[in-house]
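Worksheet: one structure, shown below.
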Amino acid sequence: MSPQDIVILLKIIAINNEKWQQLDLAHSLGISQSEVSKSIVRSKYAGLIDPSGKKVFKLALLDFLKSGITYVFPQKPGSLVKGIPTAHSALPLNSQIVSNEHYVWPSARGTLRGQAIEPLYPSVIKAVESDAILYELLALVDTLRVGRAREKAMAIKALERLFFDAKSTNDGTKLLVL
């Protein structure tokens, strides 16, 4: 597994539609189409996506995120920088957790000063500008990477809701039940 594999799987979940194309996915994430293709192959081998490469096995991914993300892609908060909020400093957990300790992805476009957390893949900072659901998913995964037990438990519950409680409206947009 590579860090971008998690980003790609989360983007597929955020799309919530089996009719996506690798080229569109690559463009929206700022990852090359060949890297998306290689990632899909790795995710099939790991049992995280179906044989067609279109549908994420959400329970398997959730299990991996709960048990393995901390060990496979560990992260230690770094120096204080300006950046984009992540982990418990971003939605949906920032409304439930009050903390003077903030975590951010380093970025000149950022609005918050906090400890630096390197994103799973550098291009996610740009990708989340146009995808609020992906942003929430990635922030929750960062909570699993750097959070304490209480924060991790809250992140897991939020991931479960985002993975399994997405509803579609008549016009094809998604409503998330939180």
Side-chain angles (χ1 to χ4, degrees), residues 1-75 84-87 90-93 105 117-146 152 154-178:
M1 295 293 296
S2 294
Q4 67 263 34
D5 299 347
I6 303 304
V7 174
I8 290 167
L9 292 168
L10 293 174
K11 178 63 177 181
I12 294 168
I13 290 171
I15 292 170
N16 197 26
N17 182 339
E18 292 184 28
K19 297 182 193 257
W20 55 268
Q21 300 294 318
Q22 284 189 11
L23 191 58
D24 296 330
L25 195 67
H27 178 70
S28 69
L29 291 173
I31 297 174
S32 73
Q33 194 275 329
S34 65
E35 278 301 313
V36 171
S37 181
K38 290 176 192 173
S39 174
I40 297 297
V41 169
R42 285 189 298 267
S43 293
K44 284 181 195 177
Y45 184 77
L48 297 174
I49 199 164
D50 75 334
S52 74
K54 294 289 186 178
K55 186 176 178 186
V56 175
F57 291 138
K58 294 176 184 178
L59 284 174
L61 178 58
L62 188 61
D63 188 45
F64 172 74
L65 294 174
K66 286 179 189 178
S67 305
I69 196 81
T70 303
Y71 304 104
V72 178
F73 305 117
Q75 183 61 199
I84 298 169
T86 189
L91 285 173
L93 296 182
W105 293 326
I117 299 292
E118 288 303 315
L120 284 169
Y121 198 78
S123 66
V124 301
I125 293 171
K126 180 137 176 63
V128 299
E129 290 176 357
S130 60
D131 192 334
I133 296 169
L134 178 63
Y135 181 30
E136 284 187 34
L137 291 168
L138 288 166
L140 290 166
V141 168
D142 278 349
T143 302
L144 297 176
R145 293 170 68 206
V146 299
K152 287 180 179 185
M154 293 171 75
I156 289 166
K157 286 182 182 177
L159 282 167
E160 288 170 346
R161 286 191 300 267
L162 287 168
F163 278 22
F164 303 110
D165 291 344
K167 310 272 188 229
S168 294
T169 63
N170 289 337
D171 64 359
T173 57
K174 293 183 285 291
L175 299 174
L176 292 172
V177 182
L178 293 177

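Residue numbers start at 1 and run along the sequence shown.
Looking only at side-chain heavy atoms (C-beta outward), T143 and M154 stay at 4.5 Å or farther from each other. Contact check for L9 versus S39: no side-chain heavy atoms found under the 4.5 Å cut-off. Looking at L29 and Y121, their side chains never come closer than 4.5 Å, going by heavy atoms from C-beta outward. Between L48 and V56 the shortest side-chain heavy-atom distance does not fall below 4.5 Å. Residues I49 and I12 form a side-chain contact, since some pair of their non-hydrogen atoms from C-beta on lies under 4.5 Å apart. Residues L138 and P119 form no side-chain contact, since every pair of their non-hydrogen atoms from C-beta on lies 4.5 Å or further apart. Using a 4.5 Å heavy-atom threshold, the side chains of L59 and F164 count as touching.
The distance from the CG atom of L159 to the NZ atom of K58 is 12.0 Å, given to the nearest 0.5 Å. In this structure, OH in Y135 is found 13.5 Å from OG in S130, a value given to the nearest 0.5 Å. Atom NZ of K152 sits about 13.5 Å away from atom CG of L140, to the nearest 0.5 Å. Between I133 atom CD1 and L91 atom CG the span is 12.5 Å, to the nearest 0.5 Å. To the nearest 0.5 Å, atom NZ of residue K11 and atom CG of residue L25 are 7.0 Å apart.
Of all heavy-atom pairs between P3 and L120, the closest is CB-O, 2.9 Å. Residues W105 and D142 come closest through the heavy atom pair NE1-OD2, 2.7 Å. The shortest non-hydrogen separation linking V36 to I8 is CA-CD1, 3.9 Å. Shortest non-hydrogen contact noted between S32 and A26 is C-CB, 3.8 Å. When all heavy atoms of K19 and N17 are compared, the closest pair comes out as N-OD1, 2.8 Å.
Remark: side-chain polar atoms of D5 are not paired, donor with acceptor, to backbone N or O of S43 under 3.5 angstrom. Put simply, the side chain of K54 gets close to the backbone of W20: a donor and an acceptor are under 3.5 Å apart. For K44 (side chain) and P51 (main-chain N/O), a donor-acceptor pair under 3.5 Å exists by modelled atom type. Distance alone, capped at 3.5 Å, is enough to place a donor-acceptor pair between the Q75 side chain and the E118 backbone.
Here E35 pairs with K38 under the salt bridge (charged side-chain N to carboxylate O under 4.0 Å, His left out) rule; sequence neighbours left out.
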Side chains of residues 60-71: which donor-acceptor pairs under 3.5 Å do they make with residues two or more places apart or in other chains?
| from | atom 1 | to | atom 2 | distance (Å) |
| --- | --- | --- | --- | --- |
| S67 | OG | D63 | O | 3.4 |
| T70 | OG1 | L144 | O | 2.9 |

